[in-house]
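Data block below; observations after.
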Amino acid sequence: MQDNDRISIELGSDGVAQVRFTRADKMNALDQAQFDAIIAAGRALHNMKGLRVVVLAGEGRAFCAGLDLSNFARKPSPDEPELTERTHGNANRAQQAALLWRKLPVPVIAAVHGVCFGGGLQIASGADIRVVHPDTRMAIMELKWGLVPDMGGYALWRGLVRDDVLRELVYTNREFTGAEAQGFGLATHVDDDPVACATAIASEVANRNPHAIRAAKRLHAGMIERSTDAILLEESIEQHAIMRSKNQVEAVMAGMEKRAPRFEDV
């Protein structure tokens, strides 16, 4: 268990990490400390031994209500980096809070309920899979405040949302429900108990060859931007590394013997 006053992480014996935003009194809104806590959690998860899958959710009445409005009154400190500075690889700090879930080597499943606005929706979009309560209030909220989505949303929404639908949601910042989100491509599943559903999916994923799961996530990461030739080669490279490995053989044997596999963790 790893805890601070903003995020908790609990790694189960099955390799599923339950990660929670714990700023429930503020609907897990994003102030500077919350950004820092999310990024610190990402670093901890990236280096966590035995990790196979992450389930990400928010405590209280919301997954994440987006930017804490106190940020509008805050004056940047003199040494604070400009938004254009790449402080976290290819991203600034706010972008990293959403993109780090894609950068993790294992699948991330977001369980979304209550309210999921603005930056919260961009964080959820960083997950591999999103399970959303049908009554969740959702919006790409930034235009309401005269801003544009800038936490990696435009990169994360590629391949998820049809272009004209995304334009409407951005330009109007209108609210929509979790049930509608599935039609838009922003929800994978709609369920009355998102955490239970997400955990069930995570348990299934955790029962697969962890080397193959990580390889599949690497292939997904480059699928949109790479050429067909590059994708074909990457598939072969990943498969060559996995084929006949101890975990791959164990997957075959467990399937043939109709038993639970016993994999070695990455």
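The analysis underlying the following values was restricted to heavy atoms, covering all of them including side chains, and did not include hydrogens, waters or symmetry mates. Note that the structure is a prediction, hence the values are computed from the model and not measured.
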#### Entry: Full working for side-chain contact (heavy atoms from CB on, under 4.5 Å) between V108 and K217
CA-CA 10 Å; V108 178; K217 181 155 182 174; 4.1 Å; yes
### Task
Report the C-alpha distance between E59 and R20 in whole Å, list the side-chain angles of each, state the deciding distance to 0.1 Å, and finish with yes or no for salt bridge (charged side-chain N to carboxylate O under 4.0 Å, His left out).
CA-CA 6 Å; E59 292 186 355; R20 297 290 181 271; 5.6 Å; no
### Task
Could you check W145 against L69 for side-chain contact (heavy atoms from CB on, under 4.5 Å), going step by step and ending with a plain yes or no?
CA-CA 10 Å; W145 311 113; L69 297 185; 3.9 Å; yes
### Query
Run the side-chain contact (heavy atoms from CB on, under 4.5 Å) check on L11 and M48 step by step: do they pass?
CA-CA 9 Å; L11 180 64; M48 190 170 286; 3.9 Å; yes
### Task
Kindly determine whether L160 and F184 satisfy side-chain contact (heavy atoms from CB on, under 4.5 Å), including the steps that lead there.
CA-CA 8 Å; L160 292 181; F184 297 154; over 6 Å; no
### Task
Apply salt bridge (charged side-chain N to carboxylate O under 4.0 Å, His left out) to the pair D163 and R158, showing each step before the final yes or no.
CA-CA 9 Å; D163 182 72; R158 289 178 299 179; over 6 Å; no
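Rounded to the nearest 0.5 angstrom, I109 CD1 and E204 CD are separated by 9.5 Å. To the nearest 0.5 angstrom, M141 atom CE is 11.5 Å from M138 atom CE. Note that the CG atom of D128 and the OG atom of S125 stand 12.0 Å from one another [nearest 0.5 Å]. Remark: K246 NZ to M253 CE distance equals 13.5 Å, nearest 0.5 Å. Interatomic distance, S236 OG to E238 CD, rounded to the nearest 0.5 Å: 10.5 Å. Remark: R162 CZ to R167 CZ distance equals 12.0 Å, nearest 0.5 Å.
With no hydrogens or angles considered, a side-chain donor-acceptor pair links E142 and Q122 at under 3.5 Å. No side-chain N or O of K26 forms a donor-acceptor pair with one of Q34 less than 3.5 Å apart. Checked by atom type, the side-chain pair Q182/T188 shows no donor-acceptor distance below 3.5 Å.
Between the N209 side chain and the F263 main chain, no donor and acceptor come within less than 3.5 Å of each other. With hydrogens and angles disregarded, no donor-acceptor distance shorter than 3.5 Å links the side chain of R52 to the backbone of G15. Checking side-chain atoms of E250 against main-chain N and O of R262 turns up a donor-acceptor pair under 3.5 Å. At distances below 3.5 Å, not a single donor-acceptor pair connects side-chain atoms of E257 with backbone N or O atoms of A254. Remark: the backbone N or O of D25 is not paired with any side-chain donor or acceptor of R61 at under 3.5 angstrom. For the pair N92 (side chain) and T87 (backbone), a donor-acceptor distance under 3.5 Å is absent. Within the 3.5 Å criterion, the main-chain N or O of T136 finds no donor-acceptor partner in the side chain of T177. With K103 contributing its side chain and G42 its backbone, the two residues share no donor-acceptor pair below 3.5 Å. A donor-acceptor distance shorter than 3.5 angstrom exists from the side chain of T199 to the backbone of V195, with no hydrogens or angles considered. Panel note: side chain S245, backbone A241; no donor-acceptor pair is recorded below 3.5 Å.
Side-chain contact between V55 and V16: present, with at least one pair of heavy atoms (C-beta onward) separated by less than 4.5 Å. The shortest distance between side-chain heavy atoms of L156 and W101 does not fall below 4.5 Å. By the 4.5 Å heavy-atom criterion applied to side chains, L219 and E234 are counted as neighbours. Side-chain contact check for M151 versus F35: some heavy-atom pair is nearer than 4.5 Å. A 4.5 Å side-chain heavy-atom check between Q95 and H88 finds every atom pair outside the cut-off. The shortest side-chain heavy-atom distance between R23 and M27 does not fall under the 4.5 Å cut-off. Put simply, the side chain of E168 reaches to within 4.5 Å of the side chain of R174, judged on heavy atoms. Side chains of L121 and I140 form a contact here, defined as non-hydrogen atoms less than 4.5 Å apart.
Under the 4.5 Å side-chain contact rule for hydrophobic residues, L166 and I224 do not share a cluster. I129 and I123 fall into different hydrophobic clusters, defined by Ile, Leu, Val, Met, Phe, Trp and Tyr side-chain heavy atoms under 4.5 Å apart, directly or through other members. Residue L30 is grouped with residue L143 when hydrophobic side chains (ILVMFWY) are merged at heavy-atom distances under 4.5 angstrom, including chains of intermediate members. Taking hydrophobic clusters as Ile, Leu, Val, Met, Phe, Trp and Tyr residues chained together by side-chain heavy-atom distances below 4.5 Å, F176 shares a cluster with V165. In the hydrophobic cluster analysis, where Ile, Leu, Val, Met, Phe, Trp and Tyr join through side-chain heavy atoms closer than 4.5 angstrom, I7 is grouped apart from L99.
Taking each heavy atom of P194 and V131 in turn, the nearest pair found is CB-O, 3.6 Å. Of all non-hydrogen atoms in A24 and G60, the two that sit nearest each other are CB-CA, 3.9 Å. Looking at every heavy atom in both residues, D191 comes nearest to C197 through CG-CB, 3.7 Å.
The environment of R259 atom CZ is dense: over 12 non-hydrogen atoms of other residues, nucleotides or ligands sit within 6.0 angstrom. Within a 6.0 Å sphere centred on CG of L83, heavy atoms belonging to other residues, nucleotides or ligands number 12 at most. When the shell of 6.0 Å around CD of E85 is examined, it contains more than 12 heavy atoms from other residues, nucleotides or ligands. Few gaps surround CZ on R86; more than 12 heavy atoms of other groups in view lie less than 6.0 Å from it.
The list of ring-ring contact (aromatic ring centres under 6.0 Å, His included) pairs with a residue in residues 186-238, not counting sequence neighbours, is empty.
With L45 as the partner, the side chain to side chain contact (heavy atoms under 4.5 Å, CB included) test is satisfied by one option alone out of L100, L56, I9, V106: I9.
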